[in-house]
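Note that the numbering runs from 1 along the sequence shown for the chain. Every number for a ligand or one of its atoms is a count from 1 in the order of the listing.
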Amino acid sequence: MTFKFKQHKKPIIIAGPCSVENEAQVFQTTKQLKTIGKIDLLRAGIWKPRTRPGNFEGIGKKGLKWLVDAGKEFGIPVTTEVANAKHVELALKSGINVLWIGARTTVNPFSVQEIADALKGNNVSVMIKNPITPDLQLWVGAVERVLETGITDVALIHRGFSSFEKSKYRNDPKWGIPIEMMRLFSNLPIICDPSHIGGQRDLIQSISQKALDMNMDGLMIETHIDPDNALSDANQQITPKTLTEILNILVVREQTPSNPEFISILENLRAQIDDIDYQLLDVLAKRFDIIHQIGQNKKENNITILQSDRWFEILKSRKKIAKELELSDEFVGDLLKLIHKESVRLQTKILNN
Ligand code: PEP
Ligand code: MN
């Protein structure tokens, strides 16, 4: 059985349990997934990198055969996570079709390089999850290390980023990071993993829809015949039946419009946006020019850059205007802080010159 991201129709659907637990669990889950008919790749972890010790750390290499056999029995190619050279060797030897590098491995260039060295010379497809930390360059580096091996069928997986702050997500999606990866690696498909982003069943559908609306190429969703009793990630796993329901509700929108009337309306509106953006930047440039003049005067008169009262007054009065204009309070606050930060930067430069 072969699988190539490059030749695949979109969206690519990857499903299967967080972990291989026993032979029956893999077979029964795969059998039910097969009836859905939309599953392109069967996922399951053999070696589980757990953040804390004492949790289920995976069934180990004996599970490889169960996973490969289940894939063969139901005609679905299979994928598992590899975290070191030994995993790569064992997975490839047992006939796993696609390998993935997990979030806790992508953070470590030594591990990624070890995996890349073991991959060299093999014609296998590889998926690279984002690192657990919101560090774009670590993700870029991992992709580069894998591409340097000569392997070309590479995909990205967006699984969110851990953070200290409490949020409704288990892992904060920080959509800006995968979007930047899509720009940097425009020829590589990107798969969203709503299970690890959400960390709970109820969030899977909305995160999946958002990913499709961001023009991502596929979804990886953890699926288990008995989610409540799963040995890992029980809260976020769903049954194959729930997966079918979600897949039926998701709307796959086109990236490029084909309706001529719509195209013409869109072009017209975009021309207006182009014009307004020009005006926005022009106004900002004028504002910063005045900031420059204020900076010069402050320097000549030995006055501090920041006058807190003035800054608080700006925030208050502008937010009042924003309210009248029905602009979001949070957005205007963020925008003003950004402009203020740049103003302070410019004036610091003048004062220290
Ligand atoms: C997994 O896919 O089960 C997994 C461990 O993922 P991540 O590396 O994203 O935490
Ligand atoms: Mn998991």
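Salt-bridge check for R183 with E180: passed, with a basic side-chain N closer than 4.0 Å to an acidic carboxylate O. Using a 4.0 Å cut-off between charged nitrogen and carboxylate oxygen, K86 and E89 count as a salt-bridge pair. Using a 4.0 Å cut-off between a side-chain N of Lys or Arg and a carboxylate O of Asp or Glu, D228 and R201 qualify as a salt bridge.
Here's the thing with K129: one of its N/O atoms is less than 3.5 angstrom from an N/O atom of ligand 1. Between G102 and ligand 1, a contact under 3.5 Å exists for no N or O pair. Some N or O of K48 is nearer than 3.5 Å to an N or O of ligand 1, by distance alone. At least one N/O-N/O distance between E222 and ligand 1 falls below 3.5 Å.
Here atom 2 (O) of ligand 1 lies nearest to R43 when heavy atoms of R159, R43, M127 are compared.
Contacts of I128 classified as side-chain contact (heavy atoms from CB on, under 4.5 Å), with partners at least two apart in sequence or in another chain: I101, T106, V126, W139, A142, V143, V146, V154.
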message = Walk me through whether E57 and S232 qualify under side-chain contact (heavy atoms from CB on, under 4.5 Å).
response = CA-CA 9 Å; E57 299 202 321; S232 57; over 6 Å; no

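Under a 4.0 Å heavy-atom criterion, C18 is in contact with ligand 1.
With the Mn ion (ligand 2) as the vertex, SG of C18 and OD2 of D233 span 100° to the nearest 10°.
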